[in-house]
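One structure is given below, encoded as structure tokens.
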Protein chains: 2
Amino acid sequence: MNPEEDLQILQSVDLSISVLMEIAKHADIRLTEIAQNLGETKPRILRSLRTLKHRSFVQRTESGGYRLGNAILVLGTAASTQIDLVKLASPILESLSQKVNETVQLRIRDHAEALCIAKFEPSRDLRVHAVVGRRRPLYAGSSKVLLAFLPEELQAELIPGRPDRMTPRTPVDRARILVELRRVREAGYCISHGEVSEQLVSVAAPILAFGGSVIGGINIAAPAFRTQQADLDRYVALVTAAAREISEGLSGGR
Amino acid sequence: MNPEEDLQILQSVDLSISVLMEIAKHADIRLTEIAQNLGETKPRILRSLRTLKHRSFVQRTESGGYRLGNAILVLGTAASTQIDLVKLASPILESLSQKVNETVQLRIRDHAEALCIAKFEPSRDLRVHAVVGRRRPLYAGSSKVLLAFLPEELQAELIPGRPDRMTPRTPVDRARILVELRRVREAGYCISHGEVSEQLVSVAAPILAFGGSVIGGINIAAPAFRTQQADLDRYVALVTAAAREISEGLSGGR
DNA sequence: CATTCATGTTACGGCTGACGTAATTTGCTT
DNA sequence: AAGCAAATTACGTCAGCCGTAACATGAATG
């Protein structure tokens with residue numbers, strides 16, 4: 001199909017990963033639907049599922065569909081202790097979340113999207129819901145901290161020609177986004193008022209490595225109605241401190 | 001090699017899963033070591049790793065080794081929301097852990113071992129450390145609840161001929177283990193005094209399904225020195241109630 | 001109760017993609 | 001610079017994976 005990009009990829013493994021991702025997205029999905037979504041034949045998917053099941057990567061549901069299995073649970077836990085960023089950040093996120101009593105997230109840039117790889121939600125009833133694995137555009141909301149410290153040419157590549165408008169406040173003009181990114185870089189943090197979701201505000205700071213490259217970003221997300229200017233000021237101070245703490249932990253810790 | 005058991009397993013997928021497991025066990029492992037541990041050639045492992053890396057299932061470390069990647073993190077989180085038992089049990093475990101201020105675990109039987117699939121630790125300094133993915137024998141400690149409600153012939157199969165002695169209190173006589181299992185079945189819970197680790201006590205209750213089959217078990221693990229008889233009595237009541245709550249949630253909640 | 005349809009599963013021959021050996025490169029240690 | 005081990009590439013051979021097509025299963029319909 002495509003002329004480049006595929007050197008030495010084991011196809012049945014690659015397919016099986018796609019199958020897993022499909023099951024992760026839709027719990028209790030059936031063989032036929034997986035085959036359709038991936039544009040593959042049923043026997044091929046069946047062989048893949050059989051193998052994955054044989055290793056407890058998937059299991060069958062009562063209704064005859066498939067869901068992720070225990071081995072994935074185990075792997076996932078191992079991953080969160082192996083990925084330094086998550087390992088180091090988790091207690092800091094938890095403490096930050098308790099201090100502000102709002103939801104906090106750790107995000108990294110994954111290609112042209114922001115990917116949440118850890119989160120903490122406070123135990124109050126009304127709170128911002130966050131999901132590990134969720135992807136968001138880089139050009140809107142506080143995800144901009146992941147973009148603002150990159151070389152400007154790369155920024156330009158990562159901003160789509162015609163950005164999606166998610167709310168009335170979503171920035172869709174490329175030139176204005178670039179200006180805003182410069183502002184974020186100079187300030188060292190980013191505040192978003194309803195750029196991704198109407199009723200939310202989000203305050204983010206970058207986790208920086210040597211040489212000013214960005215490793216990830218942490219942000220506090222809160223309902224706008226209960227967030228005053230004084231809260232925002234406090235959030236900026238706290239989120240910046242937490243981000244610096246993680247940065248230092250990454251350089252210091254072996 | 002072995003004459004049975006392998007019908008229609010995709011070998012490169014099966015191998016790649018072994019590679020993942022190997023990396024989960026040893027963070028920052030190198031190509032050569034993986035190949036040795038699995039008894040495979042390096043090119044084969046390399047192709048597998050390349051494919052896994054291509055999909056962010058693994059990533060390279062600074063030192064040139066491999067660790068689990070972001071996609072595994074995402075999958076793992078999805079798994080914990082898809083596996084009904086974990087999803088349902090998590091809040092109950094958390095509440096139980098807060099009530100007793102000790103570590104609690106959710107375990108299932110995986111072949112002839114107990115496998116921890118969820119846990120909660122209290123925030124006090126001295127506490128029992130638990131690890132999702134850790135395996136323990138079924139015949140010792142409070143894991144016996146996973147064994148006690150099985151048919152006796154199956155119990156016999158699952159107890160090794162010569163059980164490992166982990167502490168002086170580990171039961172190693174098959175006949176005595178079988179008697180103890182009967183006691184556990186009649187009591188409906190299990191208390192272990194230092195059978196797996198010298199200084200620990202553990203109280204467990206089974207999560208039962210219709211017909212009395214065991215789905216899993218939850219247990220409270222605590223340092224022996226601060227656990228009085230009155231505490232044990234309280235733990236039995238609480239762990240049994242929590243287990244019943246989960247059982248009912250599984251039958252009721254569609 | 002027979003019919004139909006969709007889904008899941010098995011069978012099988014062809015072909016390509018995965019295989020191991022061996023050569024080469026990389027990169028670190030001496 | 002030389003030496004060594006680990007990582008990677010090259011390549012011809014073969015079997016593992018492939019899709020088609022037939023079969024089985026079971027739920028929905030008349």
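All chains are named by letter (A, B, ...) in the order of the sequence lines, taking the proteins before the strands, and each is independently numbered beginning at 1.
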Query - Nearest-angstrom distance from the residue atom CG of B:L46 to P of D:dA6 - result: 15 Å
Query raised in the report: Between B:I34 (CD1) and D:dA7 (C1'), how many Å, whole number?
Result: 12 Å
Report summary line: Looking only at C:dT9, D:dG19, D:dT8, the nucleotide nearest the A:K42 side chain is C:dT9
Report task. Verify the distance criterion only: is there a donor paired with an acceptor across the side chains of A:R109 and A:S143 at less than 3.5 Å? Result -> no
Requested in this report: Let me know, please, whether B:R30 or A:P43 comes out on the 5' side of the other along DNA chain D by nearest nucleotide.
Outcome: B:R30
Query raised in the report: Within the pair B:R50 and D:dT9, is there a side-chain N or O less than 4.0 Å away from OP1 or OP2?
Result: yes
**Report entry** Nearest-angstrom distance from the residue atom CG of B:L15 to P of D:dG16
**Finding:** 13 Å
Report task. Measure from the side-chain heavy atoms of A:L31 and tell me the nearest of C:dG17, C:dG8, D:dT8. Result -> C:dG8
Query raised in the report: Can you find a side chain N or O atom of B:T32 that sits less than 4.0 Å from OP1 or OP2 on D:dA7?
Result: yes
Report summary line: Rounded to whole Å, the CD1-P distance (B:I9 to C:dT10) equals 12 Å
Query raised in the report: Going by distance alone, is a donor N or O of one side chain under 3.5 Å from an acceptor N or O of the other, for B:D14 and A:T51?
Result: no
Requested in this report: Would you please say whether a donor-acceptor pair under 3.5 Å links the side chains of A:H129 and A:E121?
Outcome: yes
Report summary line: B:I45 atom CD1 is separated from C:dT21 atom P, nearest whole Å, by 14 Å
Query raised in the report: Any chance the side chains of B:S56 and B:N70 put a donor and an acceptor closer than 3.5 Å?
Result: no
Query raised in the report: Taking the side chain of A:L10 as its heavy atoms from C-beta onward, which of D:dT8, D:dG19, C:dA18 lies nearest to it?
Result: C:dA18
Report task. Examine C:dA18: is either OP1 or OP2 under 4.0 Å from a nitrogen or oxygen in the side chain of B:S12? Give yes or no. Result -> no
Requested in this report: For B:K53 and D:dT8, give me the distance from atom NZ to atom C1', rounded to whole Å.
Outcome: 13 Å
Report task. Would you mind reading off the distance between B:E33 atom CD and D:dA6 atom P, rounded to a whole angstrom? Result -> 11 Å
**Report entry** Nucleotide nearest A:Q11 when distance is taken to its side chain, options D:dT8, C:dT10, C:dA18
**Finding:** C:dA18
Query - Nearest-angstrom distance from the residue atom OH of A:Y66 to C1' of C:dT7 - result: 11 Å
Query raised in the report: Which part of the nucleic acid, if any, lies within reach of A:Q36 when heavy atoms closer than 4.0 Å are counted: base, sugar-phosphate only, or nothing?
Result: nothing
Report task. Look at B:E113 together with B:R107 and state whether they make a salt bridge at an N to O cut-off of under 4.0 Å. Result -> no
Report task. Please determine, for the side chain of A:R60, which listed nucleotide (C:dG20, C:dT9, D:dG19) has the closest atom? Result -> C:dT9
